[in-house]
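In what follows, a structure is listed as structure tokens, so that the remarks can point back to it.
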Protein chains: 2
Amino acid sequence: MARAGLTAERVTVAGAELADEVGLDQVTMSQVARRLGVKDASLYSHVRGLDDLRGRIALLAADEKTIRIAEATAGRAGRDALVAFANAWRDYAHRYPGRYAATQISIRIDPELAAEAPGPRRAVKLTYGMLRGYGLAEPDLTDAVRLLRSTFHGFVALEAAGGFAHERSSQQSWVRALDALHTLLERWPPSREGDPP
Amino acid sequence: MARAGLTAERVTVAGAELADEVGLDQVTMSQVARRLGVKDASLYSHVRGLDDLRGRIALLAADEKTIRIAEATAGRAGRDALVAFANAWRDYAHRYPGRYAATQISIRIDPELAAEAPGPRRAVKLTYGMLRGYGLAEPDLTDAVRLLRSTFHGFVALEAAGGFAHERSSQQSWVRALDALHTLLERWPPSREGDPP
DNA sequence: TGGCCTTCCTAGGGGTATTAGGGTGAAACT
DNA sequence: AGTTTCACCCTAATACCCCTAGGAAGGCCA
């Protein structure tokens, strides 16, 4: 009997492809095994179980997305960097919807596994770096990073959920949202009275 | 044998409660049936299946959330309305995490069922109404509505996923995000060159 | 060649979704 | 009151899924 040559990474990639094709919640051990030409029990030598597989898909996606963003923003600053960052984010979500959905479940990933993945940490650094040109200082910087991530994620999540009716294309709203965020970052409002540090 | 007195709505509510307790993806026909003291096959007289149940939970959540927002924003305008709107949204997501998660799957809900639910339509109206005081005209109005919804949803989604580390409380970032959105709405940037309507 | 580890298999237990069909309560009609 | 009707809930059966346990067989090294 020929060996299939499985490995944790190959199983993860097969799961990620399946997630993009049929949705993350349709990713099952049986389907992944079928795609790899193997019985489902064989996967358990490489992956602890379904939750572990989903966690690995999430970390794979986080790494891939971070790399795309890093390439897109390299050598850019200010508005250019913001637009490149945001478009790379959205492109990834559109192109790999299943993988992207996996990134939303980060709460219950094996910490040991997550510690090795550079994606999330690097993503945070990238976002801070992108904002360098706007001259924000802590804690405004952290607040701005969180606002941007929220808006980017929220936009693509609502797009994926069909939350935007078709009167106006979501592409146009996206461009205008980036305009708005850029001007917002240029004139970040000072903290109002009564906000303790 | 005593009748359990099931109905589509009671099944939906049981599913919603279960979703809040154990997570939406742990909501199963068997668990819901157990909670209602009934065999799982009995549920199929009231609900078409698991997907249908999830769709009903989503519509229930949309209605509930819209009502909370409507109550919170009644009689308010400008910044007050914005803050009340956003806090009602976030409170709902925190208090009913399973129901809230259900609202993200709106893409595959039975259209016939969705047509009867007033929640989504009313939510859109509410958002437009809240922005009335800022003096925006179409298509900026639609773009602003989408930006706000994206940010609100993205923030609570990232909070739920554990996306915000604990250096700075997410509550503080939330307050500052609302500040930022308010000033942004007051000075909505004009459309840049080359944006066709 | 012989031993050993890894890989993949078969077998099986337990859970879930869904359909088909039957019995029984309770209200409605005569 | 007796009967009919219908909605409700059940049992039974099929098919899929996750996961564990234990066995056979390929590849590596001595």
Side-chain angles (χ1 to χ4, degrees), chain A residues 1-60 98 101-102 105 107-110 112-113, chain B residues 1-60 98 101-102 105 107-110 112-113:
Chain A
M1 178 97 36
R3 295 294 175 97
L6 290 193
T7 188
E9 179 156 1
R10 281 200 60 203
V11 174
T12 304
V13 169
E17 292 170 355
L18 194 59
D20 291 331
E21 290 168 17
V22 301
L24 181 66
D25 46 351
Q26 303 298 322
V27 172
T28 131
M29 287 289 146
S30 316
Q31 290 292 334
V32 173
R34 219 161 300 167
R35 165 177 289 253
L36 290 167
V38 137
K39 298 295 179 185
D40 50 352
S42 307
L43 302 180
Y44 290 83
S45 309
H46 309 278
V47 156
R48 211 187 301 270
L50 185 59
D51 283 347
D52 183 40
L53 173 58
R54 282 207 262 255
R56 287 170 189 271
I57 294 174
L59 293 177
L60 170 68
I105 57 155
I107 196 80
R108 39 178 184 168
I109 290 183
D110 179 16
E112 192 177 335
L113 197 63
Chain B
M1 180 99 35
R3 295 296 174 95
L6 290 191
T7 190
E9 179 157 358
R10 282 199 59 204
V11 174
T12 304
V13 169
E17 292 170 355
L18 194 59
D20 291 331
E21 291 168 16
V22 302
L24 181 67
D25 45 351
Q26 302 298 322
V27 172
T28 131
M29 288 287 143
S30 317
Q31 290 292 334
V32 172
R34 222 160 297 170
R35 165 178 287 253
L36 291 167
V38 136
K39 298 295 178 183
D40 45 353
S42 306
L43 301 180
Y44 289 83
S45 309
H46 309 278
V47 155
R48 211 187 300 272
L50 185 59
D51 283 347
D52 183 41
L53 173 59
R54 282 208 261 255
R56 287 170 188 269
I57 294 174
L59 293 177
L60 169 69
I105 56 155
I107 197 76
R108 41 182 182 165
I109 290 182
D110 180 15
E112 193 177 334
L113 197 64

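So that the names make sense, note that chain A is the first sequence line, chain B the second, and so on, each numbered from 1. Heavy atoms only: backbone and side chains are in, while hydrogens, waters and symmetry mates are out.
- Arg34(B) contributes atom CZ, which lies 10.0 Å from atom CG of Leu18(B) (distance to the nearest 0.5 angstrom).
- Sorted by residue number, the members of residues 43-52 of chain A with any non-hydrogen atom under 4.0 Å from DNA chain D read Tyr44(A), Gly49(A), Leu50(A).
- Remark: Thr7(B) pairs with Glu9(B), Arg10(B) by the side chain to side chain contact (heavy atoms under 4.5 Å, CB included) rule, at least two apart or across chains.
- Once rounded to the nearest 0.5 Å, the distance linking CG of Leu6(A) with OG of Ser45(A) reads 8.5 Å.
- The distance between atom CG of Leu6(B) and atom C1' of dG25(C), rounded to the nearest whole Å, is 14 Å.
- For the pair Val11(B) and Leu43(B), the tightest heavy-atom approach, listed with the atom from each and the gap, is CG2-CD2, 4.0 Å.
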Could you list the protein-to-nucleotides 10-14 of chain C atom pairs, N/O on both sides, closer than 3.5 Å?
none

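- Listed in residue order, the members of residues 21-30 of chain B having a heavy atom less than 4.0 Å from DNA chain C are Thr28(B), Met29(B), Ser30(B).
- The heavy-atom pair separating Asp20(A) from Gly98(A) by the smallest distance is OD1-N, 2.9 Å.
- Residues forming a salt bridge (Lys or Arg N to Asp or Glu O under 4.0 Å) with Asp25(B) (at least two apart in sequence, or on another chain): Arg108(A).
- The shortest distance between the side-chain N/O atoms of Arg10(B) and the OP1/OP2 oxygens of dC8(D) is not below 4.0 Å.
- Smallest separation of non-hydrogen atoms from Ile57(A) and Ala102(A): CG2-CB, 3.7 Å.
- Qualifying salt bridge (Lys or Arg N to Asp or Glu O under 4.0 Å) partners for Asp40(A), counting only residues two or more places apart in sequence or in other chains: none.
- In terms of phosphate contacts, Gln31(B) brings no side-chain nitrogen or oxygen within less than 4.0 Å of OP1 or OP2 of dG15(C).
- Applying the side chain to side chain contact (heavy atoms under 4.5 Å, CB included) test to Asp52(A) and every residue at least two apart in sequence or in another chain returns Val47(A), Arg48(A), Arg56(A), Leu113(A).
- Applying the salt bridge (Lys or Arg N to Asp or Glu O under 4.0 Å) rule to Arg35(A) yields the partners Glu17(A), Glu21(A); only residues at least two apart in sequence or on another chain are considered.
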